[in-house]
Number of protein chains: 2
Amino acid sequence: MKLITRDTDYAIRALCCMAKSDNELVSVSDLCNKLRIPRPFLRKILQILNKKKILRSIKGQNGGFKLNISSRRITLFSLIVAFQGNFKFNECTFKKSVCPEIKKCKIRKKINKIERYVVKQLKNISILSLVAERG
Amino acid sequence: MKLITRDTDYAIRALCCMAKSDNELVSVSDLCNKLRIPRPFLRKILQILNKKKILRSIKGQNGGFKLNISSRRITLFSLIVAFQGNFKFNECTFKKSVCPEIKKCKIRKKINKIERYVVKQLKNISILSLVAERG
DNA sequence: TTTAAAGATACCATATTAGTATCATTTGTC
DNA sequence: GACAAATGATACTAATATGGTATCTTTAAA
Ligand code: FES
Ligand code: FES
């Protein structure tokens, strides 16, 4: 049950890298040399981050990407949502047909409680916190 | 990032059902009538639970399944592991090649901390706790 | 001996994940 | 203006995981 898929993971690394390089413009080529991520895959990932307004892109020669918002405001939660869609540990297996059998579905209740905790934690992990020397 | 997949979920329900029916022998037919789970799929699931010694099976006419251990000792954690393999929120994306770049891999550290909490919680949710009237 | 159960295994369909490939567009440089 | 080097957009593909079926064997009660 991967919490973080490959693309999310690469995104995190790329963003960390960009945050560390003092928000200069970086090209995909530079990044994938540093991070050893397959180039076309990384391109796709950065394009998504651009659409989500997390990165800003500049086209043309000497173009590239840079952070569009502060690294403090980019959280693991938002990245997971960006690449993996809505955060949901468990959906209702049966759509209202059998659920009532197990009164008020304790499974869901308990799982949701755990989920709320995890979401809270993930919202608290920012790119800044990942590149900071201590923490 | 589903924490609980369909088979695990069905297993939970089946076990809850068996725990509630005072540990009588139940056949797959009975169970899938009650729970509206596709029969051959439920069979496969119960066979797995049998191999994991969570259920005990009795072959032949009037055969079926029953709990092999106390419902208090069957945890969500053990069921997730049984059906979904080792519990791991995140694996190392790069096998030692780039990891060191991000010192001591804070991503992993932070994710693992969350994971430890979740595992602890899941070990604390037993089938008994799911069928109990209050809790 | 028939029948109704589980055991074992192989197969199949769909969805998700992890990418590639290609072509169009933009922009700095000569 | 032509070219090169970058991103934008989009379609395609391969591998794996998920959610099942199908089928045949074995067991044991009636
Ligand atoms: S199965 Fe539907 S809410 Fe629990
Ligand atoms: S990527 Fe390998 S431990 Fe972090």
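Residue numbers begin at 1 in each chain, while the letters A, B, ... track the order of the sequences.
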Spacing of Leu25(B) atom CG relative to dA5(C) atom P, expressed in whole Å: 11 Å
Sugar-phosphate, base or nothing in reach of Gly63(A), heavy atoms under 4.0 Å: sugar-phosphate
Nearest-nucleotide 5' precedence on DNA chain D, Asn50(A) against Met1(A): Asn50(A)
Residue-phosphate contact under 4.0 Å: Tyr10(A) side-chain N/O, dG19(C) OP1/OP2: yes
Nearest-Å distance for atom pair CD/C1', residues Gln84(B) and dT16(D): 15 Å
4.5 Å side-chain heavy-atom contact, Ser126(B) and Ile74(B): no
First encountered from the 5' end of DNA chain C, between Gln61(A) and Arg39(A): Arg39(A)
Test: Arg13(A) and Asp9(A) ion pair at under 4.0 Å: yes
Selection from dT27(C), dG8(D), dA18(C) that lies nearest to any side-chain heavy atom of Arg6(A): dA18(C)
Spacing between Gln47(B) atom CD and dT27(D) atom P, to the nearest angstrom: 14 Å
Separation of atom CG in Asn33(A) from atom P in dA6(D), rounded to whole Å: 11 Å
Same apolar cluster: Val131(A) and Leu15(A), side chain cutoff 4.5 Å: no
Integer-rounded Å distance: dG20(D) C1' and Phe83(B) CZ: 14 Å
Gap between atoms CZ and P, on Phe65(B) and dA5(C) respectively (whole Å): 12 Å
Nearest-nucleotide pick for Pro40(A), side chain only, options being dT27(C), dA5(C), dT20(C): dT20(C)
Phosphate contact (dA5(C) OP1 or OP2) by Lys66(B) side-chain N/O below 4.0 Å: no
Flag if over 12 foreign heavy atoms under 6.0 Å of NZ, Lys88(B): yes
Nearest-nucleotide 5' precedence on DNA chain D, Asp7(B) against Gly60(A): Gly60(A)
Length of the line joining Arg43(B):CZ and dG19(D):P, which is rounded to integer Å: 20 Å
Check against side chain to side chain contact (heavy atoms under 4.5 Å, CB included), Leu31(B) and Ser27(B): CA-CA 6 Å; Leu31(B) 265 179; Ser27(B) 70; over 6 Å; no
Any Thr5(A) side-chain nitrogen or oxygen under 4.0 Å from OP1 or OP2 of dT16(C): no
Touch class at under 4.0 angstrom, heavy-atom based, for Lys44(A) against every strand present: base
Phosphate contact (dG8(D) OP1 or OP2) by Ser57(A) side-chain N/O below 4.0 Å: yes
Nearest-0.5 Å distance that lies between atom OG in Ser129(A) and atom NZ in Lys106(B): 7.0 Å
Sugar-phosphate, base or nothing in reach of Ile58(B), heavy atoms under 4.0 Å: sugar-phosphate
Integer-rounded Å distance: dA17(D) C1' and Lys2(B) NZ: 9 Å
Candidates dT20(C), dG7(C), dA4(D) - which lies nearest the side chain of Lys59(B): dG7(C)
